[in-house]
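Structure, as structure tokens:
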Amino acid sequence: MILDDKKASETKTPAQKRLLYAKAFFEDKIKCCSDEQIEELLDRVCSTNVLIYLIQDSIEAAMIFETTNDRGKSLTNLEKTKSFLMYKASLCLDEPEQILGKIQSRFSEVYRDFESMISLNIGVDENSVLQYNYIAYEKWKTDSSIKEYTRYMEYFKNTVEELARNSNGAKEDKPLLSDYIENYTYNVQQSFSAYKSMYEGRYLEFMDIIALDRTASFMPLLIKCYRYDETNDKSKFRIICRLCEIFSFRVYVIFDKMANKLQSKWYSLARDFDSNFKNASDEIIAMINDVESDDAFIQALTAPDFCTKYSSPEKNYFYWKYENYLRRTEQPVATPMTHEDLRQKENKKLVMTIEHIVAQSNSGEKSKVITDALKIDVGSVEVFDEQYLNSIGNLTLDPQSANSSKGKKDVVEKNSKHFAKAPYKCQNELEEFMIDDVWTLESIKKRKAKLLTFAKELWCNFDFVKVLRV
């Protein structure tokens, strides 16, 4: 269908997609060629020597693929896995046809799911999903010298080789080679399917983890939890996602730990997970508390350099969550902002930024605030800059275009012309903190207190009922 003159309605595999792309590529090139150039090209194609293998069945095909095809362009680990399993099955099993058929069928599903992931713009790496599968389902080990999951292809092949040597029967509680291939390929297929479904499901708790952009430690466990959760709304899976988000925000963002902090513990939790969601939840909560206490987390949020300490995406995430908290808990309730709103990068009217309520480049405004009778204890502009200017109480969410239009205006003008009329509750509420229409240090302190109350409820609360409503 692809190579003839008919139109292919869709491509189902990466190979079909590449063929369609190649066809379009050569059609465009040939349109620009003269008759003489086309004849020359045709002569070259017809006179090229082609290596031909005549095979009788899929067993021979598997052997040729494993021994020959891997010498050209590097294969992905997924392709290597398929060809290696087919090769070993055809070589070591007496009647391999049935297991070869399952390998072919399951990997066809894997490639279809992978194509769907690409179309969803997930930015997925097939080798990463394959490694997540190994971490979740294989009995790997780790010690001071080696973590087997970091060399998963090597240890996977070693396992198959050992079983192949014992292919006549199970020995020392080890499975038959056919059983291992059956289970391994099934898990690979299910892992890719679960990975795709997690994104397609648009579960808010899962999308929060993606928004924080530290996913590698959690994915093996999430894949397994998604598969094992039999509830209609995936509520057990969503609880685990919620706890992963709490860990990610507290440990990776606020405490700025390396993204591989406790990674071996996360991977061990995934490997040992047997569908006991309560035990898994308890272990995650213990890991969160082992890093830092709730009090230390809240104290970190009070840092006077909050605005300069954290990246724009991290600050946006904090205030985006606060905006949705207000929309959900304060009347009149409103439709939450979406993850697409958070990720917006093209439309300046929608791109999220952080606005200083007291402008950071307005010495006149700062002097006015400092000399206000309600904050005479501060004493100088420098102290205000150091202790309050970049603290959470003096910051709010704002679209890029609106942020630019406010410039260095004082808070009274910002509030009357912008904050009070804005489509954001986190801006509308600022008037409530003003004292006699003046934004004071007491205003900043009271707003900080409200933000900390919000943070405690969202990231220090392990009540499972409330978890599902966040």
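Residues: numbered from 1 along the sequence shown.
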Pairs flagged by ring-ring contact (aromatic ring centres under 6.0 Å, His included) wherever residues 278-299 is involved - sequence neighbours left out: none
Ring-face cation of Lys234 near Tyr203 (centre distance under 6.0 Å, axis angle within 45°): no
Glu230: side-chain contact (heavy atoms from CB on, under 4.5 Å) partners, not counting sequence neighbours: none
Listed partners of Lys309 passing side-chain contact (heavy atoms from CB on, under 4.5 Å), at least two apart: Asp305
Main-chain N/O of Cys225 paired to Asp229 side chain as donor or acceptor, under 3.5 Å: no
Sequence neighbours excluded - salt bridge (charged side-chain N to carboxylate O under 4.0 Å, His left out) pairs with any residue from residues 38-48: Glu40-Arg44
Tyr226: partners by ring pair (Phe, Tyr, Trp, His ring centres under 6.0 Å), with sequence neighbours left out: Phe237
Sub-4.5 Å side-chain heavy-atom contact between Phe107 and Thr81: yes
Polar side chain donor-acceptor pair, Arg106 to Thr185, under 3.5 angstrom: yes
Distance, nearest 0.5 Å, that separates CG of Asp213 from OG of Ser311: 9.5 Å
Separation of Lys456 NZ from Asp294 CG (nearest 0.5 Å): 9.5 Å
Selection residues 83-92 - residue pairs positive for salt bridge (charged side-chain N to carboxylate O under 4.0 Å, His left out), sequence neighbours left out: Lys88-Glu161
Test side-chain contact (heavy atoms from CB on, under 4.5 Å) applied to Ile38 - qualifying residues, sequence neighbours left out: Ile30, Cys33
Tyr199: ring pair (Phe, Tyr, Trp, His ring centres under 6.0 Å) partners, not counting sequence neighbours: Tyr195, Phe206
Side chain Arg214, main chain Leu212, donor-acceptor under 3.5 Å: yes
Expected output: side-chain Glu205 to main-chain Cys241 donor-acceptor under 3.5 Å: no
Partners passing ring pair (Phe, Tyr, Trp, His ring centres under 6.0 Å) against Tyr267 (at least two apart in sequence or in another chain): Tyr149
Qualifying residues under side-chain hydrogen bond (donor to acceptor under 3.5 Å, both in side chains), relative to Lys196, sequence neighbours excluded: Asp113
Heavy-atom check, side chain of Lys141 versus side chain of Lys147, under 4.5 Å: no
Partner set under ring pair (Phe, Tyr, Trp, His ring centres under 6.0 Å) for Tyr325, not counting sequence neighbours: Phe454
Cation over ring face, Lys315 and Phe306, 6.0 Å, 45°: no
Non-neighbouring partners of Ile146 that pass side-chain contact (heavy atoms from CB on, under 4.5 Å), sequence neighbours left out: Asp143, Thr150, Arg151, Tyr155
Side-chain touch Asp233/Arg238, heavy atoms, less than 4.5 angstrom: yes
